[in-house]
Number of protein chains: 4
Amino acid sequence: MSKKGKGERTRERILEAAAEEFASRGFYETKTIDILSKVGLTQPALYKHFPNKQSIYCELVDGLHVKFRRLIETARLGIGLTDDDVSAGAKEAVIHVFNLLFENPNVTRIAFFMDQNAENLKLELVKLIQKNIQSEQEMGYIRSDISAEIAAVCLVGMIERLTLEFLLPGKKSPESLADDVFGIFAPAMINKGSEPNPIDIIKHLE
Amino acid sequence: MSKKGKGERTRERILEAAAEEFASRGFYETKTIDILSKVGLTQPALYKHFPNKQSIYCELVDGLHVKFRRLIETARLGIGLTDDDVSAGAKEAVIHVFNLLFENPNVTRIAFFMDQNAENLKLELVKLIQKNIQSEQEMGYIRSDISAEIAAVCLVGMIERLTLEFLLPGKKSPESLADDVFGIFAPAMINKGSEPNPIDIIKHLE
Amino acid sequence: MSKKGKGERTRERILEAAAEEFASRGFYETKTIDILSKVGLTQPALYKHFPNKQSIYCELVDGLHVKFRRLIETARLGIGLTDDDVSAGAKEAVIHVFNLLFENPNVTRIAFFMDQNAENLKLELVKLIQKNIQSEQEMGYIRSDISAEIAAVCLVGMIERLTLEFLLPGKKSPESLADDVFGIFAPAMINKGSEPNPIDIIKHLE
Amino acid sequence: MSKKGKGERTRERILEAAAEEFASRGFYETKTIDILSKVGLTQPALYKHFPNKQSIYCELVDGLHVKFRRLIETARLGIGLTDDDVSAGAKEAVIHVFNLLFENPNVTRIAFFMDQNAENLKLELVKLIQKNIQSEQEMGYIRSDISAEIAAVCLVGMIERLTLEFLLPGKKSPESLADDVFGIFAPAMINKGSEPNPIDIIKHLE
DNA sequence: TATGAATGAGGTTTCATTCAT
DNA sequence: GATGAATGAAACCTCATTCAT
């Protein structure tokens with residue numbers, strides 16, 4: 001009666017168990033038998049569903065990486081909004097990031113923190129944020145005396161560590177963490193005492 | 001002339017090669033033979049100097065962890081200075097951290113970024129910073145509407161990522177990075193729009 | 001209308017597919033699933049019809065081996081004929097052999113060329129031929145300066161290789177190959193330059 | 001003191017044991033542990049010397065195949081001799097073949113009788129012999145009413161079976177077997193009653 | 001001090017084979 | 001009669017690690 005065949009469900013149970021094991025022990029210390037005994041299966045069952053241990057790992061990692069890249073892409077396309085939307089949109093984007101990372105904490109641990117390739121992912125995120133910051137700097141909304149790259153890198157660093165210490169353990173919600181991040185990041189970026197760059201204002205009025 | 005015997009030198013060459021390999025491939029993908037062929041030795045030589053592969057890894061990791069904890073301890077003891085010292089001291093402390101992380105990039109990669117235990121280390125750093133922030137919040141020097149813990153976590157996150165992207169690749173110096181960090185973190189913490197706490201002002205004027 | 005039930009037909013399709021696979025890949029490189037996918041069945045179906053993989057192989061091999069031994073037995077009983085019959089009968093026998101080997105080329109490949117037990121079969125054939133040759137040698141019809149055993153072995157060798165190179169690929173018919181074999185073997189056996197044994201001549205004139 | 005290092009000798013002992021096992025059980029029924037227990041070693045020792053089980057097999061097979069092809073090549077270059085040399089040379093060549101096959105009976109069993117690729121080898125031998133026969137047919141030395149190809153195939157068939165039944169078990173020497181082969185093959189080929197073709201004679205006198 | 005040669009131990013993987021439906 | 005899903009068993013291979021020199 002169930003839409004999914006038993007095989008499909010088994011496959012998913014393997015993936016889930018693998019995620020738990022990989023997240024807590026790492027790839028190498030996770031033995032296939034650890035995964036299987038968790039699911040209550042024996043070795044050949046695993047190889048009915050996956051060609052090898054590595055492929056389970058990859059499926060988990062790639063899954064998140066794809067979603068993550070898609071999120072970045074979506075955010076990139078959303079660039080170029082009006083005033084309030086800009087900062088509101090930024091926070092919204094960060095919430096999306098936290099949401100995604102919170103979807104499956106085990107997978108996030110693996111794909112976003114343990115996997116070597118995660119660095120590339122973070123670099124892409126940095127690039128996206130950097131571009132946004134630069135736009136806003138050109139518009140004079142935020143300080144221009146700070147390197148957009150440095151700022152972006154810092155923002156990503158904050159997101160990372162907040163994810164590890166508050167999001168994954170379930171201590172804080174994505175929204176709340178986004179507030180926290182911008183509670184620090186926004187004030188740091190604000191064009192405080194200095195007059196806004198007149199040219200930027202003109203640009204903005206057009 | 002050299003104080004160190006040949007054996008001691010060999011031991012160090014092994015450690016160094018191991019650091020390179022561990023840093024680039026990780027513990028499990030680094031085979032003892034990879035390390036040895038890099039040094040031009042054969043397997044038994046390794047076991048003359050170390051009880052096993054794990055011990056090489058531990059020696060590298062523990063070395064940095066000890067130094068790191070010592071740094072934190074020193075910083076902790078240095079708490080409770082006068083105003084200028086406070087922020088100057090904070091930046092100084094961050095420089096020390098960057099300096100330590102820059103001492104041996106390979107080891108840093110291993111002990112500070114790959115090793116599971118690094119989380120504890122970072123947690124200790126967070127605690128230290130959190131305490132400092134709390135002190136300053138109590139003194140009214142900085143915003144009190146931000147959780148000291150969150151702020152500390154964010155600061156550590158920034159340090160981490162800046163280390164990975166600028167310090168380890170040699171793109172920026174410890175001092176410059178400390179400037180960058182405080183260029184963002186300090187303004188974010190400043191008690192701006194709100195009326196400053198009168199008591200704090202008095203303190204500050206002294 | 002068909003005498004055979006569906007099960008029986010399935011059984012035969014399995015045998016046939018197995019013969020193809022065994023013949024082209026050998027026993028070990030043929031996986032049960034290869035056979036089954038060829039027939040469009042799944043694994044349990046196989047075990048409804050055969051106790052195991054080996055038994056399929058045996059059934060194929062034994063089938064030919066039994067037929068072959070029966071052929072040899074028939075030939076053995078037919079020994080002791082008059083002159084013309086002798087050589088004519090010999091060629092007839094070889095045609096029978098080729099016919100049998102041509103009946104199912106795949107099975108022949110397996111049972112006559114790949115199976116270790118085939119050696120015994122060939123040995124039996126050698127023994128039979130050797131006896132025939134000896135009889136004829138005693139009768140003086142053919143050279144006595146050649147070991148009957150050697151001659152028999154050679155004849156079997158020819159049959160084997162001709163089978164592989166011409167019969168199984170369908171390049172030559174059993175009859176034509178029998179002609180070829182005797183085109184070489186008969187002249188080789190003939191009592192040519194030497195004076196024929198007078199006694200033999202007398203026998204021959206009868 | 002010995003020229004060969006211990007490792008090299010071990011390698012050879014493995015090869016030798018493998019040849020025995022492969023020859024008697026076949027590739028798949030030979031477990032690496034069978035080979036190793038014969039040599040008194042454990043698994044890793046094998047993999048110090050060979051990348052895998054297959055490579056041991058290949059080294060054995062390729063070794064003989066190369067020698068065999070070299071032999072054929074040498075024979076090919078030796079074509080085109082005078083009268084007596086022709087048949088003498090042919091026998092000589094067959095002796096070389098038998099000698100090679102006798103050098104290492106186990107390897108011969110594997111590379112010349114069990115290995116699938118052996119068929120190609122035999123085909124090459126057939127081609128060589130066929131050419132020689134054709135030359136002699138053109139010169140009128142031997143019967144032209146027999147297909148050179150058929151004759152060559154038969155000759156190879158004889159060699160094969162004689163090898164299996166007499167050479168490998170050590171029942172007959174290469175020379176003796178060559179005599180046997182030509183005792184049958186030469187008379188079969190001889191241009192008995194018929195006058196030699198005049199044109200061929202002229203050709204031969206040139 | 002360093003090495004050539006060997007090992008113990010254990011993991012991944014691959015089959016043929018079966019159970020419950 | 002046939003199947004989806006699972007298993008038992010065993011082979012290959014790869015390590016870190018050690019022995020004897």
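Just so you know, these numbers use all the heavy atoms, side chains as well, and skip hydrogens, waters and symmetry mates. Chain identifiers are assigned alphabetically (A, B, ...) following the order of the sequence lines, protein sequences preceding nucleic acid strands; residue numbering begins at 1 within each chain.
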Scan residues 38-51 of chain B for pairs that pass salt bridge (Lys or Arg N to Asp or Glu O under 4.0 Å), counting only residues two or more places apart or in two chains.
B/E20-B/K38, B/E21-B/K38
side-chain contact (heavy atoms from CB on, under 4.5 Å) evaluation trace for C/R25 with C/D34
CA-CA 10 Å; C/R25 302 199 210 307; C/D34 297 338; 4.0 Å; yes
Do you know which of D/T108, D/L164, D/V107 makes side-chain contact (heavy atoms from CB on, under 4.5 Å) with D/L101?
D/T108
Based on Watson-Crick and G-U pairs with both distances under 3.5 Å, what dot-bracket line describes DNA chain F 5' to 3', crossing pairs as [ ] and inter-strand pairs as |?
.||||||||||||||||||||
Taking C-beta and beyond as the side chain, do C/I56 and C/L46 meet within less than 4.5 Å on heavy atoms?
yes
Please tell me if D/T10 has a side-chain N or O lying less than 4.0 Å from either OP1 or OP2 of E/dA6.
yes
Using a cut-off of strictly less than 4.0 Å, decide whether C/H49 has a side-chain nitrogen or oxygen near OP1 or OP2 of F/dA2.
yes
If we only count heavy atoms from C-beta on, is the A/R11 to A/E59 side-chain gap below 4.5 Å?
yes
Output every pair passing ring-ring contact (aromatic ring centres under 6.0 Å, His included) with a member in residues 23-45 of chain A, not counting sequence neighbours, ordered by first then second residue.
A/F22-A/F27, A/F27-A/Y57, A/Y28-B/Y28
Partner set under ring-ring contact (aromatic ring centres under 6.0 Å, His included) for C/F68, not counting sequence neighbours:
C/F112
Among residues two or more places apart or on two chains, list those pairs meeting salt bridge (Lys or Arg N to Asp or Glu O under 4.0 Å) that have a residue in residues 102-114 of chain C.
C/K67-C/E103
How do B/K48 and A/A45 order along DNA chain F: which one's closest nucleotide is nearer the 5' end?
A/A45
Nucleotide-resolved protein contact map, nucleotides 8-14 of chain E, B/S/- at heavy-atom distance under 4.0 Å:
B--SBBB
